[in-house]
Chemist: 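Okay, handing you the structure first.
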Amino acid sequence: MTATRTAFVVARGKFGLRIPEEIAIVGFDNCGLAASQAYSLTTCKQARQERVRAIIAMILGTVEAETITLPGKLVIRISTSAPFVK
């Protein structure tokens, strides 16, 4: 379970926070669980092959981690909403 999904479960279960009314949660890996009805987690979708290439380049030292920028697409689901304004 990723840190984002763990935060989702803890916020909803342990602290009783309502998602997205009281807290918004965004992930970054857009795995299959993110789209499931149990989570419906807003995420950033990136091409897996590009992520793998970037990781290999960092491991081999051919690129600095701070210089890597990967394109992505925001996949909006119900874990986020417009902020509530009083």
Side-chain angles (χ1 to χ4, degrees):
M1 182 177 285
T2 68
T4 305
R5 284 192 297 277
T6 301
F8 189 96
V9 170
V10 170
R12 186 172 59 183
K14 185 174 182 179
F15 296 110
L17 295 172
R18 294 176 304 145
I19 301 166
E21 294 84 8
E22 297 175 308
I23 188 169
I25 300 178
V26 178
F28 63 91
D29 57 0
N30 198 39
C31 71
L33 270 176
S36 73
Q37 189 174 12
Y39 294 103
S40 195
L41 182 64
T42 296
T43 62
C44 180
K45 182 178 182 176
Q46 293 178 319
R48 182 171 297 177
Q49 189 65 25
E50 289 184 39
R51 288 194 332 234
V52 170
R53 285 186 188 127
I55 290 167
I56 292 171
M58 286 187 292
I59 291 170
L60 295 176
T62 57
V63 66
E64 294 292 322
E66 293 83 19
T67 64
I68 295 175
T69 303
L70 299 175
K73 177 184 177 193
L74 185 62
V75 180
I76 299 173
R77 297 189 181 100
I78 64 172
S79 68
T80 57
S81 70
F84 178 75
V85 179
K86 289 185 177 184

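Below, all heavy atoms of this structure are taken into account, side chains as well, without hydrogens, waters or symmetry copies. Source: prediction; values computed, not measured.
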Chemist: Applying side-chain contact (heavy atoms from CB on, under 4.5 Å), can you list everything that pairs with L70, at least two apart in sequence or on another chain?
Modeler: Q46, E50, R51, A54, I68
Chemist: Write down the atom of G72, the atom of C44, and the distance for their closest heavy-atom approach.
Modeler: CA-SG, 4.1 Å
Chemist: Side-chain heavy atoms nearer than 4.5 Å, only ILVMFWY residues, links allowed to pass through others: does that put V63 and I59 together?
Modeler: yes
Chemist: For the side chain to side chain contact (heavy atoms under 4.5 Å, CB included) test, which of T80, I19, I78 pairs with S40?
Modeler: I78
Chemist: Checking T62 side chain against A57 main chain: does a donor-acceptor pair fall under 3.5 Å?
Modeler: yes
Chemist: Is S79 reaching over with its side chain to a backbone N or O of A24, donor-acceptor style, under 3.5 angstrom?
Modeler: no
Chemist: Please enumerate all residues that pass side-chain contact (heavy atoms from CB on, under 4.5 Å) together with L17, with sequence neighbours excluded.
Modeler: A11, F15, E22, I23
